[in-house]
Amino acid sequence: MTSPVDPQAKVYSHINGKDSDILTRLAISELCKGWPVYRDASEWKNFRSLFCDDAYVWTTWSKRQSIDGFIQKSKEGKAKGDFIMHRECGTLVELNSSKDRAVGKMKATITQRFNIAANNAAGLGPLVFDVDCDCRFHFFCFRDAEADEWKVKYVKLIYEKDKLVPVDGNTLPTFTQEALDELPAGYKYLGAAQSMLGHEIDAYLPTTQGPEGGPANLRWLQLYEQMEQWLDGATDIDLSSTAHVHKGSNGKCDHNGHGH
């Protein structure tokens, strides 16, 4: 379930306000919506135009990738049959115009079709099923003063919940409890299914589990702190996925372990 804790300490321009702020937020929301529209359709040139040259993204199956590396891995995945779609459910923007910074928040559902070939040796027929995963994309954006346009620097998601969906209304895979326990609750079925395709899954991405679920579930609070740092003008944000997160003496989330 989601936590009752409000994760955001500050309030930025997000609704109403000056006409210039409203228009800017609308322009930034276009960048966010480019992910489902352009990536799903393999419109790679349009997709690439959303990002600055040194942009990075994090997903379950790709882990941390430069934007060009992510596009290349996406092409390779699609060539092998990866079929990932995104349903955008709503997008709003946090804007700090004094710093030329913004964060786009996009509610979305990742829906992936899996077509697993038959395994005659194991006596298993072909298996077709979907996994739906509700999540929230976060686009760390800035205004490129030289080009006078907004670009995306980072993209990282908070994963909320997922489920298996039988395409024929009946047939689903069975995952071992051990395989499911390796992944957090927000994307355990999605990750387990993606691993069947040969992907190495990032097990340290944020979910909406609250602090009551244990120290590892502080990652979503840490991401909100990083969004505020970005909005307040920090020049670089460490969004590395890490094995451990804990509350420091200052009440902020600290992380240690290796990054991805």
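Only heavy atoms go into these numbers, but all of them, side chains included; no hydrogens, no water, no symmetry mates. Residue numbers count from 1 along this sequence.
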Which heavy atom of Val37 sits nearest a heavy atom of Ala41, and at what distance? O-CB, 3.5 Å

Any heavy-atom pair between the side chains of Val152 and Phe139 that's under 4.5 Å? yes

For the CG atom of Leu190 and the CZ atom of Phe114, what is their distance to the nearest 0.5 Å? 5.5 Å

Indicate the ring-plane relationship of Trp230 and Tyr154, choosing parallel, tilted or perpendicular according to the 30° and 60° boundaries. perpendicular

Tyr187/Val131 under side chain to side chain contact (heavy atoms under 4.5 Å, CB included): CA gap, chis, key distance, verdict: CA-CA 10 Å; Tyr187 58 95; Val131 178; over 6 Å; no

Quick one: do Arg48 and Asp68 make a salt bridge, cutoff under 4.0 Å? yes

Kindly determine whether Lys45 and Glu43 satisfy salt bridge (charged side-chain N to carboxylate O under 4.0 Å, His left out), including the steps that lead there. CA-CA 6 Å; Lys45 292 186 291 297; Glu43 295 181 22; over 6 Å; no

Please examine the side chains of Leu239 and Phe140, heavy atoms only from C-beta on, and report whether any two atoms are closer than 4.5 Å. yes

Does the gap between the ring centers of Trp150 and Phe142 come in under 6.0 Å? no

Going from CG on Leu231 to CD on Gln226, what distance comes out if it is rounded to the nearest 0.5 angstrom? 12.0 Å

Clusters formed by hydrophobic residues whose side-chain heavy atoms approach within less than 4.5 Å: which one holds Phe83, and what are its other members? Met85

Are more than 12 heavy atoms from other residues, nucleotides or ligands located less than 6.0 Å from atom CG of Asp19? no

Is a salt bridge present between Lys107 and Glu160, judged by a nitrogen-to-oxygen distance below 4.0 Å? yes

Enumerate the residue pairs fulfilling salt bridge (charged side-chain N to carboxylate O under 4.0 Å, His left out) with a member in residues 89-104, sequence neighbours excluded, ordered by first and then second residue. Glu94-Lys105, Asp100-Arg143

Do the side chains of Trp58 and Lys63 get nearer than 4.5 Å, heavy atoms only? no

What are the two closest non-hydrogen atoms of Cys133 and Gly186, and how far apart are they? SG-O, 3.6 Å

Using 0.5 Å steps for rounding, measure from the CH2 atom of Trp44 to the CD atom of Gln72. 9.5 Å

Fit a plane to each ring of Phe129 and Phe175, take the angle between them on a 0 to 90° scale, and name the class: parallel (under 30°), tilted (30 to 60°) or perpendicular (over 60°). perpendicular

Lys NZ or Arg CZ of Arg219 over Tyr204 ring: under 6.0 Å, within 45°: no

Could you check whether the rings of His138 and Tyr224 sit parallel, tilted or perpendicular, using 30° and 60° as the cut-offs? perpendicular

Can you tell me how far CD1 of Ile201 sits from OG of Ser195, rounded to the nearest 0.5 angstrom? 6.0 Å

Decide if atom NZ of Lys163 counts as having more than 12 heavy atoms of other residues, nucleotides or ligands within a radius under 6.0 Å. no

Are Tyr12 and Leu92 in one and the same hydrophobic cluster, where Ile, Leu, Val, Met, Phe, Trp and Tyr link if side-chain heavy atoms are under 4.5 Å apart? no

Inter-residue atom distance Leu197.CG - Lys80.NZ, 0.5 Å rounding: 10.0 Å

In terms of side-chain geometry, is the basic nitrogen of Lys78 or Glu76 positioned less than 4.0 Å from the acidic oxygen of its partner? no

Step by step, would you call Leu157 with Arg136 a side chain to side chain contact (heavy atoms under 4.5 Å, CB included)? CA-CA 5 Å; Leu157 288 69; Arg136 283 179 279 143; over 6 Å; no

Among Leu172, Thr111, Asp130, which one satisfies side-chain contact (heavy atoms from CB on, under 4.5 Å) with Val165? Asp130

Closest non-hydrogen contact found for Ser74 with Arg39 is OG-NH2, 3.2 Å

Within the supplied structure, the quantity of interest is the number of heavy atoms (other residues, nucleotides, ligands) at a distance under 6.0 Å from Gln8 CD; does it exceed 12? yes

Tyr38, Val57: one ILVMFWY side-chain cluster at the under-4.5 Å cut-off? yes

Are the side chains of Gln65 and Tyr56 in touch, meaning some heavy atoms are under 4.5 Å apart? no

Glu225 backbone acceptor or donor facing Glu228 side chain under 3.5 Å: no

What closest approach, in Å, do Pro206 and Leu223 show between heavy atoms, and which atom pair accounts for it? CG-CD2, 4.2 Å

Just verifying a value: how many Å separate Asp181 CG and Glu178 CD, rounded to the nearest 0.5 Å? 8.0 Å

If every non-hydrogen atom of Ile28 is compared with every non-hydrogen atom of Cys141, which pair is closest and at what distance? CG2-SG, 3.9 Å

Would Met106 end up clustered with Ile84 when hydrophobic side chains under 4.5 Å apart are linked, directly or stepwise? yes

For Lys153, run the salt bridge (charged side-chain N to carboxylate O under 4.0 Å, His left out) check against Asp54, Asp53, Asp236 and tell me which one passes. Asp54

Could you walk me through whether Asp82 and His199 pass the side chain to side chain contact (heavy atoms under 4.5 Å, CB included) check? CA-CA 11 Å; Asp82 286 3; His199 296 299; 2.8 Å; yes

Is Lys161 salt-bridged to Asp134, going by a charged N under 4.0 Å from an acidic O? yes

More than 12 heavy atoms of other residues, nucleotides or ligands under 6.0 Å from OH of Tyr189: yes or no? no

Check: Thr59 and Ser62 side chains under 4.5 Å, non-hydrogen atoms: yes

May I ask you to check whether Trp61 and Phe70 place their ring centers less than 6.0 Å from one another? yes

Give the minimum heavy-atom separation between Leu221 and Pro7, together with the two atoms involved. CD2-CB, 3.8 Å

Any side-chain heavy-atom pair of Thr91 and Trp35 under 4.5 Å: no

Group every Ile, Leu, Val, Met, Phe, Trp and Tyr by side-chain heavy-atom contacts under 4.5 Å, then state whether Leu183 and Leu180 land in the same group. yes

Among side-chain atoms of Asp21 and Thr24, is any donor-acceptor pair under 3.5 angstrom? no

Please tell me if the side chains of Ile110 and Tyr159 come closer than 4.5 Å, counting only heavy atoms from C-beta onward. yes

Checking Thr109, Asp132, Asp40 against Arg87 for side chain to side chain donor-acceptor pair (under 3.5 Å), the one that qualifies is Asp132

Before you tell me yes or no, could you show the steps for Asp144 and Cys52 under side chain to side chain contact (heavy atoms under 4.5 Å, CB included), namely the whole-Å CA-CA distance, both residues' side-chain angles and the distance that decides it to 0.1 Å? CA-CA 9 Å; Asp144 184 334; Cys52 64; over 6 Å; no

